[in-house]
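Structure record follows, encoded as structure tokens.
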Amino acid sequence: MEEKYYPQIVEEKWQKIWEEKKSFRAAENSSRPKYYVLEMFPYPSGRIHMGHVRVYTIGDVLARFKRMRGFNVLHPMGWDAFGLPAENAAIERGIHPAKWTMENIAYMKEQLKKMGISYDWDREIATCEPEYYRWEQLIFIRMLERGLAYRKRSTVNWCPSCRTVLANEQVENGRCWRCESEVTKRDIDGWFFKITAYAEELLAWCDRLTGWPERVITMQKNWIGRSEGAEFDLPVAGRPELKIRVFTTRPDTAFGMTYAVLAPEHPLVDQLITRPEERAEVESFRAEVLKQSDQERVAEDRPKRGLRLSARVVNPFNGADIPLFIADYVLMTYGTGAIMAVPGEDQRDWDFAKKHGLPIIETTQRPADWTGEAYPGDGVKINSGFLDGLTVAEAKRRATDWLVERRLGEAKVNYRLRDWGISRQRYWGAPIPVLYCDACGMVPEKEENLPVVLPRDVQISGKGGSPLTSHPDFVNARCPRCGGRARRETDTMDTFVESSWYFLRYCSPRYEGGMVERAAADYWMPVDQYIGGIEHAVLHLLYARFYTKVLRDLGLVQIDEPFNALLSQGMVIKEGAKMSKSKGNVVSDAVIREKYGADTGRLFELFAAPPEKDLDWSDQGVEGGFRFLTRLWRFVCQHRDALVAATPASSSDELPADLRDLRRLTHKTIKKVTDDIELRFHFNTAIAAIMELFNAVGAVTRDGSASEREMSVVKTALEAIVTLLYPFVPHVTSELWENLGHKSSLDAVPWPSYSAEAMEQENLLIVVQVDGRVRGKITVPADASSDYIKEEALADPRVKGFVAGKEIQRIVEVPRRLVNIVLEG
RNA sequence: GCCCGGAUGGUGGAAUUGGUAGACACACGGGACUUAAAAUCCCGAGGCCCCGGAAGGGGCCGUGCCGGUUCGAGUCCGGCUCCGGGCACCA
């Protein structure tokens with residue numbers, strides 16, 4: 001054993017051993033319980049840096065820990081390989097997206113191996129392979145058959161920079177989630193997945209995902225945005241054939257309706273125009289509203305603009321004839337695109353009514369101290385006909401019943417969630433397997449013709465539009481139904497479709513009979529622990545949940561939800577900003593490995609903060625981690641012969657106090673580290689506890705002349721340290737373990753257990769408080785009686801000083817911890 | 001505006017169920033080793049104040065702010081401030 005710790009030599013050695021032995025291969029035939037741990041797979045964008053490494057390290061700790069705990073662990077890795085950056089690279093550097101992607105994958109795979117992440121590489125997948133996306137195409141066809149995939153013309157979010165459609169989920173503050181360009185609107189034909197059909201189930205299951213962070217659940221719930229209310233018709237005055245359907249969450253306020261509003265783009269607007277000059281007014285107003293981006297339309301404190309139409313409507317509740325407007329604050333994309341306006345109880349309506357001089361009727365009794373304008377709260381109904389005197393909740397029910405009885409409307413639930421637009425006008429994605437036949441119209445590709453392979457020989461110019469449209473061999477095809485001329489769909493699928501099921505493919509990555517081999521999926525799924533960044537709280541996680549439910553309904557899997565537990569890890573921060581290539585503050589993994597080794601890099605990231613918190617990069621912190629590993633190395637090196645020769649201590653009998661203490665601390669540390677990893681993912685405190693134990697070992701052996709008896713206790717402690725550290729720093733611990741004379745490698749060693757006997761305290765330290773302030777500490781035998789402890793506490797000289805001359809009111813005792821002497825007054 | 005987090009030494013963080021606040025580390029200071037430096041090892045340390053020649057001993061304050069509950073509050077309750085994140089004309 002080298003005197004000096006050369007991490008690079010050690011790491012290379014063990015990585016080679018793991019690879020040759022295929023130490024991390026997972027198989028379904030095991031008597032052990034399964035554990036599926038998964039980190040969100042990366043987009044192969046180039047190279048990983050220390051900011052990326054964190055999530056893989058966290059997953060690796062769990063994978064290695066669970067293996068030692070006797071689980072059959074599945075810990076796979078793959079590549080989210082389709083996507084825009086590959087195309088952009090192609091445009092910028094003239095390299096084919098496939099080549100660029102594959103080279104990045106090869107490089108990043110090497111990086112992950114060098115960080116010692118224990119993946120079963122036999123299960124590696126890349127989503128750009130036809131063997132992968134063919135199943136996605138098959139499912140697309142199944143979804144098409146069930147109406148879960150459909151085509152429609154719609155106003156979509158368009159990123160002018162990426163030149164493609166974006167799903168609602170991919171628009172952040174009016175900007176593209178990937179390139180941050182301002183998103184505009186466009187009318188376009190495209191493919192949608194009917195995620196709204198699962199809105200209710202997705203929402204209901206939120207409360208059953210107990211292993212998920214609260215904030216992610218909240219974000220998903222908000223995104224689904226369920227609201228309960230009623231829908232009903234407002235007849236147009238004097239036009240019995242025309243009715244305007246409105247949605248409201250407050251049917252109880254209907255008597256306060258003093259006008260109604262349509263979204264400017266509402267299809268009924270044209271029919272409501274009666275005067276010739278009105279058409280021009282409407283068109284100019286509409287044009288003005290629609291030319292604004294959503295960003296502008298939702299700008300803060302924006303005045304609500306509207307145009308009064310000549311048509312009027314009737315409030316069915318009281319027969320009132322009220323004015324009708326089109327206004328920008330009513331959106332076509334929510335509810336029915338039309339509202340009843342109740343300025344008394346809705347602030348937006350209040351603002352609009354004030355501006356247009358419309359009457360305001362209060363229908364809810366305001367609290368005496370109410371100083372606001374519109375009152376949205378609870379109270380007794382007033383000015384509301386048959387609803388008067390009811391509470392808001394009662395009045396909602398009564399008003400809805402009233403509508404239903406007269407066949408004017410119904411109870412209705414609305415969602416903010418929109419269907420998922422999956423069409424992308426890009427090349428580097430999975431082709432959508434449909435054709436357009438001159439005779440038959442839209443026809444899905446025959447299943448036996450799948451996959452529809454993305455052609456490689458394309459010209460990527462960057463001039464806009466998908467290069468597929470100018471690839472005749474791809475576009476021109478035969479109709480699968482009639483054999484006539486047909487044109488292939490040139491849109492590709494959103495890459496979030498691939499990431500919606502990759503975790504299933506890992507269960508049977510080479511299976512050729514379908515998307516997943518049923519038995520394998522039944523065995524491994526759901527993922528027991530999923531780990532990834534908070535940025536996917538809505539997008540990927542919602543899509544994956546939806547897709548899993550679709551696959552369940554198609555009979556492919558049995559599970560309802562894909563991820564049992566979710567850990568949202570924090571970002572790696574350097575110089576006040578997220579570590580990223582674009583910010584120019586990345587720390588290279590290669591530099592860290594050269595200088596300190598992969599183990600040190602891992603140790604630092606695990607020790608500096610708990611996983612869910614942001615982590616501040618600190619070069620000195622890394623240095624500290626390296627020092628710790630070096631100290632450990634040197635210790636084993638110096639005491640190696642004595643340690644190998646020693647017999648581990650099996651009992652505390654006949655040990656002097658300091659060795660009993662060390663043995664006790666050893667077992668307590670095992671317990672703490674086990675609990676910290678298993679129950680809380682608090683790797684930082686687990687590592688801190690191990691450091692404490694090592695410091696205690698150092699204290700026992702400080703004088704350098706350890707006796708045989710000392711060595712046996714030290715050996716137990718040290719072997720515990722090495723074993724407990726293995727999930728965090730697997731290379732150096734494997735090497736130390738071998739040097740401690742063990743034949744079997746550490747990754748096959750069971751996790752250490754702790755014994756109650758060893759943890760038993762013979763003495764207890766009891767804190768003595770007087771009136772809640774610490775005034776003394778006493779050491780008593782563990783089995784000391786309550787009376788004895790109180791007696792001792794009162795005998796403490798310092799305590800005596802505080803108690804002297806005062807009357808003791810009572811003494812509070814917390815067993816094994818403290819006594820509090822409460823004085824009078 | 002609404003919803004969810006968070007605020008603890010010079011720094012990252014610890015305190016798991018209301019029971020010794022500051023574990024573990026970083027940075028810092030002192031010492032040992034060295035011709036010297038690096039490395040290593042040892043020691044110290046929340047702030048203010050008091051007693052003592054010194055070693056040491058003691059008091060008060062202290063977990064963003066104000067108040068409350070409790071024998072006892074970083075932890076629970078009420079009211080704020082600031083920071084971070086999410087959603088936002090959603091009817």
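A, B, ... follow the sequence lines: proteins, then strands. Residue 1 opens every chain. What you see is a predicted model; the values in this text were computed from it and never measured.
Spacing of P atoms, B:A21 relative to B:U63, comes out at 12 Å, to the nearest Å. Atom P of B:A7 sits at a distance of 8 Å from the matching atom of B:G64, rounded to the whole Å. Separation of the P atoms belonging to B:G46 and B:U11 is 14 Å when rounded to the nearest angstrom.
By the side chain to side chain contact (heavy atoms under 4.5 Å, CB included) test, A:Val269 pairs with A:Leu262, A:His266, A:Val282, A:Arg286, A:Ile326, sequence neighbours left out.
Looking at heavy-atom distances under 4.0 Å, A:Arg817 makes contact with sugar-phosphate atoms alone, never a base. Residue contacts for A:Phe628: at a heavy-atom cut-off of 4.0 Å it reaches no nucleic acid atom on any strand shown. Counting non-hydrogen atoms under 4.0 angstrom, A:Arg775 reaches the backbone sugars and phosphates but no base. Residue-level contact check: A:Val774 touches the backbone only, with heavy atoms under 4.0 Å from sugar-phosphate atoms and none from bases. Within 4.0 Å (heavy atoms only), A:Phe802 reaches sugar-phosphate atoms of the nucleic acid but no base atom. Nucleic acid contact class of A:Lys672 (heavy atoms, under 4.0 Å, all strands): base. Residue-level contact check: A:Asp349 touches neither bases nor backbone, having no heavy atom under 4.0 Å from any strand. Using a 4.0 Å heavy-atom distance criterion, A:Asn414 is classed as making no nucleic acid contact. Residue-level contact check: A:Gln769 touches the bases, meaning some heavy atom is under 4.0 Å from a base atom. Among the protein residues, A:Leu679 comes within range of no part of the nucleic acid, since none of its heavy atoms lies under 4.0 Å from any strand. Residue contacts shown for A:Gly624 are limited to sugar-phosphate atoms, with no base heavy atom under 4.0 Å away.
Applying the 4.0 Å criterion to OP1 and OP2 of B:C41, one finds that A:Arg634 has a side-chain N or O inside that range. Between A:Ser618 and B:A27 there is no side-chain polar atom (N or O) within less than 4.0 angstrom of OP1 or OP2.
A donor N or O paired with an acceptor N or O is not found under 3.5 Å between the base of B:C87 and the side-chain atoms of A:Asn222.
The neighbour count for A:Lys595 NZ, taken as heavy atoms of other residues, nucleotides or ligands under 6.0 Å away, does not exceed 12.
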Both atom distances under 3.5 Å, Watson-Crick or G-U wobble: I'd like the secondary structure of RNA chain B as a dot-bracket string, with | for pairs made across strands.
(((((((..(((......[....))).(((((.......))))).((((((....))))))..(((((..]....))))))))))))....
